[in-house]
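This report refers to the structure that appears directly beneath it.
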Amino acid sequence: PKDAPDALQSFVNEVNRIVALDPKEQKQALKNAYLAHAKYAKKRADKGTDSHEVISEWALECLEHNGEFVKSDNPIINKFLELTLPIIGKDVRIVATEKHGYNKELWIGGITDLIIETGEGLVIIDCKDREKIYPKDLIQIGGYSLLFPDIKYAIGVPLEGTEAWSYHDI
């Protein structure tokens with residue numbers, strides 16, 4: 001990243017500040033740093049749980065209407081639709097949400113966010129509460145394809161981003 005030298009210098013300055021403290025103050029400074037990260041991680045995890053819950057509740061409502069997408073005023077649902085509809089099209093229906101799967105032979109299991117039926121076949125949708133989908137996400141999505149062999153392709157949806165990733169050759 002462009003700001004890496006600045007971030008590195010900021011880190012070096014903070015390390016130097018902590019090194020200059022007495023041991024008791026060092027211990028407290030390190031504890032504060034750890035707690036700051038733990039609080040941030042918990043906040044992000046809670047946000048992700050909340051987003052997944054919103055999508056799952058909406059999907060359950062859709063399932064009550066034969067899987068057809070129902071309108072929503074929720075910004076999370078609207079963002080989800082904004083990112084996925086250009087890929088999946090409009091002639092689609094939800095067939096499952098929070099679908100559990102496992103493969104005893106490979107010792108893997110997981111829970112998919114959504115499974116949607118499209119003109120091309122079944123699609124797994126995996127939502128992330130971040131700005132981007134990363135190549136490492138293909139490992140998780142690829143694992144889902146081993147749990148549900150009828151899946152034709154998968155989509156990673158960054159609920160805080162601008163572009164979903166579509167994986168057709170999982």
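Keep in mind that the numbers below use all heavy atoms, side chains included, and drop hydrogens, waters and symmetry copies.
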**Report entry** Side-chain donor/acceptor of S145 to backbone N/O of G142, under 3.5 Å
**Finding:** yes
Query raised in the report: Has the side chain of K132 got a donor or acceptor atom that lies under 3.5 Å from a matching backbone atom of A164?
Result: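 Side chain of K132 to backbone of A164, a donor-acceptor pair under 3.5 Å: no, none is there.
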**Report entry** From I77 atom CD1 to E57 atom CD, the distance as rounded to the nearest 0.5 Å
**Finding:**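 Answer for the CD1-CD pair, I77 versus E57, is 9.0 Å.
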Query raised in the report: Looking at CD1 of I151 and OH of Y144, how far apart are the two atoms once the value is rounded to the nearest 0.5 Å?
Result: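 One finds 11.5 Å between CD1 of I151 and OH of Y144.
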Closest heavy-atom pair and its distance - [X], [Y]:
X    : Y    : result
A154 : I141 : CB-CG2, 3.1 Å
V92  : I88  : CG1-O, 3.3 Å
P158 : E163 : CG-O, 3.1 Å

Query raised in the report: Which residues pass the side chain to side chain contact (heavy atoms under 4.5 Å, CB included) test with K128, sequence neighbours left out?
Result: D126, R130, I133, D137, Q140
**Report entry** Residues which pass side chain to side chain contact (heavy atoms under 4.5 Å, CB included) with K71, listed by chain and number, not counting sequence neighbours
**Finding:**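 Here no residue qualifies.
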Query raised in the report: Does E98 have any salt bridge (Lys or Arg N to Asp or Glu O under 4.0 Å) partners at least two apart in sequence or in another chain, and if so, which?
Result: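 With neighbours one apart ignored, the set is empty.
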Requested in this report: Decide side chain to side chain donor-acceptor pair (under 3.5 Å) for N78 and E82; before the verdict, give the C-alpha distance in whole Å, the side-chain angles of both, and the deciding distance to 0.1 Å.
Outcome: CA-CA 6 Å; N78 291 330; E82 172 191 326; over 6 Å; no
Requested in this report: Answer yes if the side chains of N13 and Q9 hold a donor-acceptor pair under 3.5 Å, and no otherwise.
Outcome: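 Side chains of N13 and Q9: pair found under 3.5 Å.
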Report task. Answer whether the closest heavy-atom distance between the side chains of I55 and L159 falls below 4.5 Å. Result -> yes
Query raised in the report: Is there side-chain contact between I87 and Y153, with at least one heavy-atom pair below 4.5 Å?
Result: yes
Query raised in the report: Just wondering, more than 12 heavy atoms not from Y134 lying within 6.0 Å of its OH?
Result: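 Count over threshold, so yes.
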Query raised in the report: Does atom CD1 of I139 have more than 12 heavy-atom neighbours, drawn from other residues, nucleotides or ligands, at distances under 6.0 Å?
Result: no
Just distance, no hydrogens or angles: give the donor-acceptor pairs under 3.5 Å from side chains in residues 107-125, sequence neighbours left out.
from	atom 1	to	atom 2	distance (Å)
D113	OD1	H52	NE2	3.4
D113	OD2	H52	NE2	3.1
D113	OD2	C127	N	2.6
E117	OE1	R93	NE	2.8
T118	OG1	E120	N	3.1
T118	OG1	G121	N	3.3
T118	OG1	G121	O	2.9

Report task. I would like to know whether F80 and V157 meet side chain to side chain contact (heavy atoms under 4.5 Å, CB included); could you show each step before the answer? Result -> CA-CA 7 Å; F80 167 79; V157 181; 4.3 Å; yes
Kindly list each side-chain donor-acceptor pair under 3.5 angstrom involving residues 15-26, sequence neighbours excluded, with atom names and distances?
from	atom 1	to	atom 2	distance (Å)
N16	ND2	V12	O	3.3
R17	NE	E14	OE1	3.2
R17	NE	E14	OE2	3.2
R17	NH2	E14	OE2	2.7
D22	OD1	K24	N	3.0
D22	OD1	E25	N	3.0
E25	OE1	D22	N	3.3
Q26	NE2	I18	O	3.2
Q26	NE2	V19	O	3.1
Q26	NE2	L21	O	3.3

Side-chain donor/acceptor pairs under 3.5 Å, residues 58-66, sequence neighbours excluded:
from	atom 1	to	atom 2	distance (Å)
W58	NE1	V70	O	2.9
H65	ND1	E61	O	3.0

